[in-house]
Amino acid sequence: MTAATTAAISTTAATATATAPTPAELRSAELERHLVQDPGRFRVLTGDRPTGPLHLGHYFGTLNNRVRLQNLGVDVFVLIADYQVLTDRDTAERLGEYTDGLLLDYLALGIDPARSTVFNHSAVPALNQLLLPFLSLVSVAELGRNPTVKDEIAHSRQSAVSGLMYTYPVHQAADILFCKGNVVPVGQDQLPHLELTRTVARRFNERYGNVFPEPDALLSAAPLLLGTDGTKMSKSRANSVPLGATPDETARLIKGATTDADRHITYDPDARPGVSSLVLLAALCLERDPHEVAAEIGTGGAAALKRTVTDAVNSHLAPVRARRAEYAADLTYVRSVLRAGNERANAVAEATLEEVREAMGTIR
Ligand code: TRP
């Protein structure tokens, strides 16, 4: 990410929260300094649910940051969290298609299989086995208190809340701890899960001996991009611009975005969320200040704004989309990347499970 983009993001963050940094933000800033100074000490674990195509919100929020960490020399593990898809729905639809899509996005953005490990839950049995001892380390009351789980239950499309909904944060602890990940890049909504991971690691170590690190959160300065319907951008809500969309699809999606009746375009996220989110998107793509971008459009109204955004997105993503199309023409290669990542993840998971067995005193 360039300095201009970072500046644009911090401008937004400052507008959104004009308060003193929280302890989590301070710890995260210190961690960022260590990552740059001594990347070899860190293993990052991060992941996505394969519930739809990755979009511009992911791109500016997390995907760029993964590639940046990889290029710094940090060991990066990227999980396609296929078992986690079943938390808020009864069946996992189009899993294969979405998994291919995530792989294409990762490769197109610069995730390098020679340096980073891409894998999925369902292919790594030893990871999943860690769930059993980990579940014994948390109380039902703790599981019920998790604010992110509560929010997901409120928005769930399931007829009844499943056991996986309450326990997937413990599974997520296994995602992070199986490879002894010590850094997890997260948005605010994932902080309760990371806290639980730290708790699981600490309790395991206290009870059985030192096996796991207590991982730290690397908070992303994710810009607040809204979906085209003015609500939270989400890969399963069809309100976002997928990275892999064509220029025409991009134009159509942006054309349909919610704006307001004031023809004078300004950047004011609190008073004008729809318009400002579009301005911000253009600013991020153009690596410019959002206020300047808004001032230039002036009284051109929503139509001029949307033209600016569409052109900015399409030209910014052109090289990524060109690489994505090349990989899409060679799915055999793309899937071999996942297979190789799974092999590596399995070796790591089995070694950790062996340590767990030894610590717990089980015999085979
Ligand atoms: N919960 C994350 C999401 O919904 C995906 C995920 C699964 C994850 N396991 C993880 C993220 C471990 C970070 C670490 O996007």
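In listed order, ligands and their atoms are each counted from 1.
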Might you work through the side-chain contact (heavy atoms from CB on, under 4.5 Å) test for T51 and R89, ending with a clear yes or no? CA-CA 10 Å; T51 52; R89 62 201 75 202; 3.7 Å; yes
Quick one: table the atom pairs, ligand 1 N or O against protein N or O, below 3.5 Å, distance rounded to 0.1 Å.
unit_1: ligand 1; atom_1: 1 (N); unit_2: Q84; atom_2: OE1; d: 2.8
unit_1: ligand 1; atom_1: 1 (N); unit_2: Q172; atom_2: OE1; d: 3.1
unit_1: ligand 1; atom_1: 1 (N); unit_2: Q190; atom_2: OE1; d: 3.1
unit_1: ligand 1; atom_1: 4 (O); unit_2: R49; atom_2: NE; d: 3.2
unit_1: ligand 1; atom_1: 9 (N); unit_2: D175; atom_2: OD2; d: 2.7

I'd like to check the ring pair (Phe, Tyr, Trp, His ring centres under 6.0 Å) partners of F204; sequence neighbours left out, ordered by chain and number. Y208, F212
Is atom CD of E249 surrounded by more than 12 heavy atoms (other residues, nucleotides or ligands) closer than 6.0 Å?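 For E249, atom CD is crowded (more than 12 foreign heavy atoms under 6.0 Å).
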Side chains of R68 and N65: any donor to acceptor distance under 3.5 Å?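 N65 vs R68: donor-acceptor pair found between side chains.
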Under the rule for side chain to side chain contact (heavy atoms under 4.5 Å, CB included), what residues qualify as partners of E354, not counting sequence neighbours?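 Checked E354 against side chain to side chain contact (heavy atoms under 4.5 Å, CB included); matches are R357, R364.
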Please tabulate, for side-chain N and O atoms in residues 123-131, each donor-acceptor pair with protein atoms closer than 3.5 Å (sequence neighbours left out).
unit_1: N128; atom_1: OD1; unit_2: H171; atom_2: NE2; d: 2.7
unit_1: N128; atom_1: ND2; unit_2: H121; atom_2: O; d: 3.0
unit_1: N128; atom_1: ND2; unit_2: V124; atom_2: O; d: 3.2

